[in-house]
Every structure is written in structure tokens, then in C-alpha cells.
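Have a look at the structure below before the remarks.
Every chain is numbered from 1 and lettered A, B, ... according to where its sequence line falls, protein lines coming before strand lines.
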2 protein chains.
Amino acid sequence: MTQENAKHCQAVPASLDYEQLLRGADLRVTRPRVAVLAAVHENPHADTDSIIGAVREDLTVSHQAVYDVLRAVTDAGLVRRIQPSRSVARYEPNTHDNHHHIVCRSCGAIADVDCALGTAACLTPVDDHGYAVDEAEVIYWGLCPSCGTPDPANPPVRKDFRVCF
Amino acid sequence: MTQENAKHCQAVPASLDYEQLLRGADLRVTRPRVAVLAAVHENPHADTDSIIGAVREDLTVSHQAVYDVLRAVTDAGLVRRIQPSRSVARYEPNTHDNHHHIVCRSCGAIADVDCALGTAACLTPVDDHGYAVDEAEVIYWGLCPSCGTPDPANPPVRKDFRVCF
DNA sequence: CGCATTTTCTTGAGTCATTCAAGAAACGAT
DNA sequence: ATCGTTTCTTGAATGACTCAAGAAAATGCG
């Protein structure tokens, strides 16, 4: 875990707590679900493939199960799904603190940032066109420190958003 | 074009203006490029498939050409690509007014909204973690007027983000 | 204008994240 | 423990998007 992200990471809950989390959301407790929740908490902004990898260190699961679980816990609000343009889906624990993300255009690295406005103000667009708004998602785009200060030995790569985060 | 989006739509330029736009961006002027630019200006928030359809009303082009053109004009800054979570890529003319979007969770409808903060403030996260930020993208999530006021004759559909915008 | 150079478009195949479907296994309420 | 429901496994399919090689078209120059 990077220094940058530490602020938004509460202590990783023990296995028992994931059970609580699932039961609290009216979801059945299964080993794949606990393992996926653990993987999401331990790997900030991980994509599905990384989560499958992490889960399989403890357990044999099909990729389909991971997709199903991620959908279930996301729908239940336990996990937040983020998907910057041109990226695959990524997941993080839902901390309910309305923090946002900075994404590097070059390498795809993601960092957490606090909401500049506080939870409430952020939800108030000037004109909501009659929409019932319940979330404001902010993505800051730019270059991360390593990509912004070009290093000939380590050139920024556009495509490979998945290796570096 | 809906009333809601009218504010962000300048008059649709004539064909000649698209030529100017392309030349100004150091891009060669070709019939597919002019047609794609026109389609993007005439169809707010259209996905690639819709753009292919619109272009093919005037011209025979391969889908690959449309993908290539969209990439070229997006990289050149003539067009903005937006891709809310779980949606395919969508395109709009780059108006450089830093407006944002409201997306309906149910049907995927997208509406434009002005930036609540003005161009400058919006680019200033509280802590940029050393990133050189050049854009702040805000997506408000909620329910559009038709999905928010349930109508038994027209139930909200989750999956079909592409039919309704 | 006509040719050469470079870029762009066509054609057709391929990739990869994600989803679908059917049956087996696991959960939890009685 | 058993039953009914939900979840997981297996294997195939979908679909947006990309790759690659050659044909066609656009720009620059004589």
C-alpha cells in the first residue's frame, strides 16, 4: 500500500468482520465472498483480474464467481466500482467518505483524494435537469510524478493501464 | 436535440467549418473525418455505433475508419470522449467550457451540466499527490426524470444504456 | 497539373473483459 | 438433518475495440 493511499485505508478487517459486513447487507456468507471482500480491502483499486489472482492464493474459485461476487457486493454498497475511461473495472472498499480519484493519463496509476467540497456540496450540480442525483464522481486527470518527470530508462506507456497502480 | 442540452450546443457548423477545424489541428481533411465530426456535432453523447450509423447515411466507411478518426480527433482535442462506468465510449464536441455530465443509473441517459466551480477551481484537488492535473471530470449519478418517477408502462431498464439518451 | 510521399481507409481476423446458461454445490431457515 | 433457494462451476458466447497488411486518397513539390 502506498503512502498516498494510506489515508483512505482503515485497518484491514479480520475475516470475521467480512462475515459481519455480508450479513449486514443481507448477503449469504460464502468463502468466495469473504475472500473477494478481503482482496478488495487489501489491494486498493485492483482490477478484476488482480482480485481473481489474490483470491486464488487462498481458494480455488472460478472467474465467474468473482464477477458474480463483485457485482453482488457492489450492488449492496459494500464495494465501490470505479472505471476511468479506457480502463477495465476497478474496485475499492466503499468508505462512504466521498473521496475522489486522480488518474495518470500515461500509466493509469490511481490515487485517492479527499473531496474538495465535502459530501453535501459535491452532490449539488447547478442545474440537475430534474435528475435525482445521489452521487458525484470526480476524476482528476493528469500525469503522476513518475510520468510527469520523464525518465529515459522508464518511458511512460499509454496502453498498459493495468500494470502500474 | 433536447432542450436540456441546447445550452452546450453551438450552431452545428457547416461542412466547410469542419475542414477548418481539421486543418487547424494539423489533420488531413478527408470525407470520413468531415462526416465523423459532423455526426459528433449532430448527435450529442453518441456512442461509436451511432456515429457509424450517422456517417453511413452519407458515405460508405468501414467501422475501423470511424474508430481511427475518433481517436485522431479526440487526441487532437476536437472531440471529447466520455465513458461512464458500464457504458461504451461516447463522444461530444469539445467545447472547452469544462461542463460536466449527469448520468441516469437506470437508463443511461446523459445530460450536460455547467461546472459548479468554474474552470479554474475545478482543477484544484485538495492534495494532488504530485500529479500534474489538467482536467477534472465530474459525473453526477442519479435517476433521470422518467426513471425517477416510475411509470408502469415504461419500466426502467438497467442494462440497456444504449437505447435512451 | 502530375508525380512522389505520407497518411488514411478497407478488409478481415483477433483480443479480451465481461456475460450467458445449465447444472452441481453450498448456505441457512425450519 | 433436510429442503428450498442462492451461489458456484464449467464452458461457450458476446461485443467493443484493436491489429495488420495492402489499397486508396491527401498533401507538397517541381
Please report, rounded to the nearest Å, how far the [atom2] atom of [N] is from the [atom1] atom of [X].
X       : N      : atom1 : atom2 : answer
B:Arg23 : D:dA26 : CZ    : P     : 10 Å
B:Asp68 : D:dA16 : CG    : P     : 17 Å
B:Arg81 : D:dA16 : CZ    : P     : 13 Å
B:Arg31 : D:dT27 : CZ    : C1'   : 18 Å
B:Asp75 : C:dT7  : CG    : P     : 15 Å
A:His63 : D:dT9  : NE2   : C1'   : 9 Å
B:Asp26 : C:dT8  : CG    : P     : 11 Å
B:Asp47 : D:dG15 : CG    : P     : 14 Å

- Query: Within the modelled atom types, does a donor on one side and an acceptor on the other bring the side chain of A:Gln64 and the base of C:dC20 under 3.5 Å apart?
  - Reply: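 In this structure, the two groups form a donor-acceptor pair.
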- Mind telling me whether B:Tyr18 and B:His41 have parallel, tilted or perpendicular rings, with 30° and 60° as the class edges? tilted
Below the 4.0 Å mark, does [N] have OP1 or OP2 next to a side-chain nitrogen or oxygen of [X]?
X       : N      : answer
A:Thr48 : C:dT18 : yes
B:Thr30 : C:dC9  : yes
B:Arg71 : D:dT18 : yes

- Message: As a quick check of understanding, evaluate side-chain contact (heavy atoms from CB on, under 4.5 Å) for B:Val40 and B:Leu70, giving each step before the final call.
- Response: CA-CA 9 Å; B:Val40 169; B:Leu70 284 172; 4.1 Å; yes
- Item | Carboxylate-amine/guanidinium proximity below 4.0 Å for A:Arg33 and A:Glu19 |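 So A:Arg33 does not pair with A:Glu19 through a salt bridge.
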- Query: Do B:Asp134 and A:Arg105 meet the salt-bridge criterion of a basic N to acidic O distance under 4.0 Å?
  - Reply: yes
- Note on the structure: Ranking B:Val29 and A:Leu27 by the position along DNA chain D of their nearest nucleotide, the one closer to 5' is A:Leu27
- Choose from D:dC8, D:dA16, C:dC9 the nucleotide whose nearest atom is closest to any side-chain atom of A:Ser62.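 My answer, after comparing the listed nucleotides, is D:dC8.
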- Among C:dT11, D:dA26, D:dC8, the one nearest any side-chain atom of B:Arg28 is D:dA26
- Might you confirm whether atom CZ of B:Arg80 has over 12 heavy atoms from other residues, nucleotides or ligands at distances under 6.0 Å? yes
- Contact class for B:Ala72 vs. all strands (heavy atom < 4.0 Å): base, sugar-phosphate, or nothing?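 Contact class for B:Ala72: none.
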